Amino acid sequence: MIKVLALKAVKPIYGDFGKKHSSQSRKVKMELSITRPDDWHLHLRDGDLLEAVVHHSARNFGRAIVMPNLKPPITTTAAAVAYQASILKTLPANSYFTPLMTLYLTDNTSPEEIKLAGKSGVVFAIKLYPAGATTNSQDGVTDVFGKCLPVLEQMAEQNMPLLVHGEVTDTAVDIFDREKVFIDTILRPLVQKLPQLKVVMEHITTLDAVEFVQSCQEGSVAATVTPQHLLLNRNSLFQGGLQPHNYCLPVLKREIHRQAIVAAVTSGSKKFFLGTDSAPHERGRKECSCGCAGIYSSPVALSLYAKVFEEAGALDKLEAFTSFNGPDFYGLPRNTSKIIMKKSKWRVPDSYAFASGEIIPIFAGQVLDWLPSNGD
Ligand SMILES: NC(=O)N[C@@H](CC(=O)O)C(=O)O
Ligand SMILES: [Zn+2]
Ligand SMILES: [Zn+2]
């Protein structure tokens, strides 16, 4: 049996329990011991950037679903196997971390490729990017129902999950409405047509997405949730000037949407789980006249999720979100090791330097509570 989340008071760093307590010395430090989390939506990139970021995920997460939107994209099982090997090469020998690979769906993906993927033991899901919706999505799908039905039927047969970047690309649709329009025109009809297909709506940003996922059957449709969509609303893009490091897709929405997502994840529903969508871009590619979409969060994400659950008075629900709901949905075992979340203040670095430049994390330079560390 997995131990439920333990909230324990440990000896204070300052103070002397042998003497009469002053209010200062009675201060206790809080620690949470939780089952090692997994990240069900992660961009690890390749080359220098991979080497710069992978250890931030490997430190605390057991597994990660690794996105296939490289240049060129990972469209075959053979490419996924090679990409997994290159990720594993960057990890120290004693690392716990297991990258679970995905394939990038195109108009030309064949049902045979899905069969190979299913047998590989390396590929755990297939990713649908509507062509042009986000970073490196130009080779994505142009017409889900016209081009992909045989492949999607094959996936349903194999119990292979479909991961969805849920936005339409029609430029006539307001960018803040693209998720809702995608649900209405593609996702709901797809789920009705293929109810046996497992679908994860990735990085949900709206009340509409929350309601859609809640309306579907548990175990067939679920959603990943990023730290930024739990903590920030669209004001954060413009606070005191343009804030490129808060820009990702789907773009941040109004406060009512943020609140709906917080309520959903802290409710204890099994349909929502952790997916950081940590998406590093070199600083110059974000701070320029046409900046890339993507927020780098892997070194900060667990602190941010803990902050959300603490502020909602729902720390007892944190562990299911970070460590149970994801593997349960994917039909994988839960991790058996633990991490410790210490309630102690730490400052997020201003940037992380690497061979080809630097990466700016979300909440750069800010002080956070809840510092994760390896529990064993
Ligand atoms: N989320 C983002 O804004 N960007 C991601 C792609 C994606 O997940 O849509 C990236 O690869 O940079
Ligand atoms: Zn996406
Ligand atoms: Zn992503």
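None of the values given here were measured: they were computed from a predicted structure. Only heavy atoms go into these numbers, but all of them, side chains included; no hydrogens, no water, no symmetry mates.
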(request) Starting from Ile256, walk the hydrophobic network (Ile, Leu, Val, Met, Phe, Trp, Tyr; side-chain heavy atoms closer than 4.5 Å) and list everyone else you reach, by chain and number. (result) none
(message) A side-chain contact here means heavy atoms from C-beta on lying under 4.5 Å apart; do Val53 and Tyr352 qualify?
(response) no
(message) Between the side chains of Asp174 and Arg178, is the shortest nitrogen-to-carboxylate-oxygen separation below 4.0 Å, so that they form an ion pair?
(response) no
(message) Using the rule side-chain contact (heavy atoms from CB on, under 4.5 Å), only one of Asn233, Leu237, Leu232 pairs with Asn235; which is it?
(response) Asn233
(request) May I ask you to decide if Pro99's main-chain N or O and Gln84's side chain share a donor-acceptor pair within less than 3.5 Å? (result) yes
(request) Step by step, work out the side-chain hydrogen bond (donor to acceptor under 3.5 Å, both in side chains) result for Ser236 and Asn246. (result) CA-CA 7 Å; Ser236 308; Asn246 290 338; 4.8 Å; no
(message) Counting only heavy atoms not in Gln217 (residues, nucleotides, ligands), do more than 12 fall under 6.0 Å from its CD?
(response) no
(message) I need the minimum non-hydrogen distance between Asn136 and Asn69, along with the two atoms involved.
(response) ND2-O, 2.9 Å
(request) Return the minimal non-hydrogen interatomic distance between Thr77 and Leu103, and the atom names on each side. (result) N-CD2, 3.8 Å
(request) Mind telling me whether Phe273 and Tyr330 have parallel, tilted or perpendicular rings, with 30° and 60° as the class edges? (result) perpendicular
(request) Please lay out, stage by stage, how Thr142 and Asp107 fare under the test side-chain hydrogen bond (donor to acceptor under 3.5 Å, both in side chains). (result) CA-CA 7 Å; Thr142 60; Asp107 288 349; 2.6 Å; yes
(request) Taking the side chain as every heavy atom from C-beta outward, state whether Met101 and Ile74 have any atom pair closer than 4.5 Å. (result) no
(request) Locate the shortest heavy-atom distance separating Val151 from Pro111; write the atom from each residue and the value. (result) CG2-N, 3.7 Å
(request) Please confirm whether the backbone N or O of Glu113 pairs with a side-chain atom of Ser110, one donor and one acceptor, at under 3.5 Å? (result) yes
(request) Of all the heavy-atom pairs spanning Val66 and Thr102, show the shortest one and how long it is. (result) O-OG1, 2.6 Å
(message) Side chains of Leu252 and Gln228, heavy atoms from C-beta outward: is any pair under 4.5 Å?
(response) yes
(request) List the atom of Val164, the atom of Leu187, and the distance in Å for their closest heavy-atom pair. (result) CG2-CD1, 4.3 Å
(request) Using a 4.5 Å cut-off on heavy atoms from C-beta on, say whether the side chain of Ile340 contacts that of Leu371. (result) no
(request) Tell me, please, whether Phe176 has Arg254 positioned over its six-membered ring: NZ or CZ under 6.0 Å from the ring centre and within 45 degrees of its axis? (result) no
(request) Please answer whether the main-chain N or O of Lys180 pairs with a side-chain N or O of Asp208 as donor and acceptor at a distance below 3.5 Å. (result) no
(request) Could you tell me whether the side chain of Ser137 and the main chain of Ala133 form a donor-acceptor pair under 3.5 Å? (result) yes
(request) Kindly say whether Thr35 contributes a backbone atom to a donor-acceptor pair with the side chain of Glu319 at under 3.5 angstrom? (result) yes
(request) Flag the pair Leu190 / Arg188 as yes when at least one side-chain heavy-atom distance between them is below 4.5 Å, and no otherwise. (result) no
(message) Evaluate Asp350 against Arg347 for salt bridge (charged side-chain N to carboxylate O under 4.0 Å, His left out), listing each step before the verdict.
(response) CA-CA 9 Å; Asp350 294 323; Arg347 188 175 173 281; 3.1 Å; yes
Hey, can you pull the donor-acceptor pairs under 3.5 Å for the side chains in residues 200-207, sequence neighbours left out?
residue	atom	partner	partner atom	Å
Glu202	OE1	His41	ND1	2.6
Glu202	OE1	Thr224	OG1	2.9
His203	NE2	His165	ND1	3.2
Thr205	OG1	Glu179	OE1	3.0
Thr205	OG1	Glu179	OE2	3.1
Thr205	OG1	Lys253	NZ	2.9
Thr206	OG1	Glu179	OE2	2.5
Thr206	OG1	Ala209	N	3.0

(message) Tell me the closest heavy-atom pair linking Tyr83 and Met67, and the distance in Å.
(response) CE2-O, 3.9 Å
(message) Any side-chain to backbone donor/acceptor pair from Asn335 onto Ser337? Under 3.5 Å, distance only.
(response) no
(request) May I ask you to decide whether Arg285 forms a salt bridge with Glu282, counting only side-chain N to carboxylate O separations under 4.0 Å? (result) no
(request) For residues Glu51 and Phe354, determine if any side-chain heavy atom of one lies less than 4.5 Å from a side-chain heavy atom of the other. (result) no
(request) Look only at the side chain of Thr135 and the backbone of Ala293, and say whether a donor-acceptor pair between them is shorter than 3.5 Å. (result) yes
Which donor-acceptor pairs under 3.5 Å do side chains of residues 302-309 form with protein atoms, sequence neighbours excluded?
residue	atom	partner	partner atom	Å
Ser303	OG	Trp346	NE1	3.2
Ser303	OG	Trp370	O	2.5
Tyr305	OH	Val225	O	2.7
Tyr305	OH	Gly275	O	3.4
Lys307	NZ	Glu311	OE2	3.1

(message) Please check this pair: side chain of Ser323 against backbone of Ala320, looking for a donor-acceptor N/O pair closer than 3.5 Å.
(response) no
(message) Would Arg63 and Phe97 count as a cation-pi pair here, with the cationic atom under 6.0 angstrom from the ring centre and within 45° of the axis?
(response) no
(request) May I ask you to decide if Gly219's main-chain N or O and Lys198's side chain share a donor-acceptor pair within less than 3.5 Å? (result) yes
(message) Using a 3.5 Å distance criterion without hydrogens, assess whether the side chain of Gln243 forms a donor-acceptor pair with backbone atoms of His245.
(response) no
